Amino acid sequence: MKITLKIMTIVFLSSCAQLHHVQIGEIDNNPKFVQKPFDIKLSEVGVDIQEAGRITKALAGKDSNNEAKKIADIIALFQMGPRTGNPVYTKGYAKNLIQVIYEKCPSGRVTGLASIRETRKYPVVSGEIVKLTGYCLLPKGG
Amino acid sequence: MKNLFVSTVLLTLFLSSCASVNSVSLTPIPAERGNKVFTTASKTIFLGFNFDNDFIDQSVEDLKRQCPNGKISGVLTKDENINYFLYFVWKKQITVTGYCQKYAAEATTGKK
Amino acid sequence: MINKIVILGFIIFGFSCTHSLHVSHVSDFSPTYKSYEQGELVKSRAEQFVVLDFAFDTDYVDQAYTRLQQACPQGQIQGITTQYSTDHGFMSWTNVIEMQGLCVK
């Protein structure tokens with residue numbers, strides 16, 4: 001029982017990382033500038049209702065089995081459409097990306113941008129992440 | 001009559017297509033937008049059997065041919081799937097649009 | 001009792017509107033390399049409503065592209081963020097393209 005609990009804890013606390021899309025921009029290695037790296041992560045919690053249904057079905061009693069499945073199926077009709085990772089309930093969580101870039105690099109001299117769309121998957125929930133790494137070019141000698 | 005109706009419905013489903021976007025990206029857009037360049041590359045895939053994506057390579061070459069001695073900016077790259085019948089047959093299509101800016105001809109007097 | 005609470009939680013979360021962000025791309029800032037104050041933020045958005053996957057074209061992407069350029073005539077646009085997302089609904093969904101960048105004149 002203790003070993004099962006420990007294993008379950010490790011399983012539930014670990015996550016799987018899934019890469020959906022990556023794009024790398026041009027890289028400017030101008031010797032007159034120093035490159036200061038920065039990274040930005042904007043994320044939102046995604047929920048997998050179908051997985052929640054399966055877990056509920058496994059943990060609930062026999063009478064609730066069919067109920068949970070029926071509800072999950074009905075809910076699936078209301079959440080139709082293409083999806084990347086799990087669906088989220090907040091729209092526009094990555095809308096202010098350009099403003100955040102300028103906070104990291106006010107001069108606007110940005111290069112080596114890598115745009116990454118990934119998911120950190122946990123049981124039922126996931127982190128839907130927009131990650132951006134790049135370099136801010138700072139003139140040498142101030 | 002019933003068979004004809006079913007055949008018509010199936011044929012309609014087969015010949016119509018459903019388009020969806022996989023990814024889209026855009027590079028910085030120039031001020032001068034007079035000279036538009038465009039290319040599209042596609043590949044029809046049966047039952048998911050696809051052994052390479054070399055069809056994409058011709059897109060860059062095609063754009064370069066349309067803009068000799070120039071720079072292509074404001075490049076919109078659209079990667080889409082066009083499904084013909086329940087994803088038994090689909091077409092992968094890459095559409096690239098941009099603007100060509102010609103470089104000014106440099107004087108070749110050879111003077112220092 | 002716990003089953004009913006779980007099912008109620010299902011219902012509350014399940015019937016809310018969900019969204020999915022597929023692609024978030026940021027373009028380069030060259031050759032202009034201007035600061036935020038030296039330009040003007042311009043945006044464009046285009047949508048396509050789809051019922052049961054019957055969508056026959058992807059022209060909404062080109063519409064967003066054209067609208068962004070119209071928002072900055074005679075100027076260069078740097079640092080363009082392009083986001084492709086879907087708003088889920090009842091047996092239908094809306095594909096959305098949003099583009100924003102800094103217009104530099």
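Below, read A as the first sequence line, B as the second, and so on, with proteins coming before strands; counting in each chain starts at 1. Predicted model only: the values in this text are computed from it and were never measured.
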For chain B, which residues of [range] have heavy atoms nearer than 4.5 angstrom:
range: residues 95-105 of chain C; result: C:I97, C:M99
range: residues 58-65 of chain C; result: C:T58, C:Y60, C:V61, C:D62, C:Y65
range: residues 73-86 of chain C; result: C:P73, C:Q74, C:G75, C:Q76, C:I77, C:Q78, C:I80, C:T82, C:Y84

Exercise for review: Between chain B and each of C:H25, C:Q48, C:Q69, count heavy-atom pairs under 4.5 Å; write down the option with the most.
Suggested key: C:Q69

Review point. If you count heavy-atom pairs under 4.5 Å with chain C, which of B:G74, B:P28, B:P30 comes out on top?
Key: B:P28

Exercise for review: For each of B:E32, B:K78, B:R33, tally heavy-atom pairs with chain C at distances under 4.5 Å, and name the one with the top tally.
Suggested key: B:R33

Practice item. Evaluate the side-chain proximity of C:S20 to C:H88: yes if any heavy-atom separation is below 4.5 Å, no if none is. Key: yes

Review point. Would you say B:V37 and B:I72 make side-chain contact, with heavy atoms under 4.5 Å?
Key: yes

Review point. Which bit of C:D57 is near chain B, if near means a heavy-atom gap under 4.5 Å: side chain, backbone, both or neither?
Key: backbone

**Study point:** C:S30 portion near chain B, given a 4.5 angstrom heavy-atom threshold
**Key:** backbone

Check your understanding: What part of B:S20 is in contact with chain C, defined as an atom under 4.5 angstrom from a non-hydrogen atom: side chain, backbone, both or neither?
Key -> backbone

Spatial distance of atom [atom1] ([X]) from atom [atom2] ([Y]) [nearest 0.5 Å]:
X: C:W93; Y: C:D87; atom1: CH2; atom2: CG; result: 12.5 Å
X: B:K91; Y: B:N83; atom1: NZ; atom2: CG; result: 12.5 Å
X: B:L26; Y: C:L68; atom1: CG; atom2: CG; result: 6.5 Å

Point to revise | Within residues 39-70 of chain B, residues adjacent to chain C where the heavy-atom gap is under 4.5 Å | key: none

Exercise for review: Go through C:T94 and C:V50 one step at a time and tell me if the side-chain contact (heavy atoms from CB on, under 4.5 Å) criterion holds.
Suggested key: CA-CA 6 Å; C:T94 305; C:V50 179; over 6 Å; no

Practice item. Could you please spell out the steps behind the side-chain contact (heavy atoms from CB on, under 4.5 Å) verdict for B:Q101 and B:N35? Key: CA-CA 7 Å; B:Q101 296 164 287; B:N35 192 3; over 6 Å; no

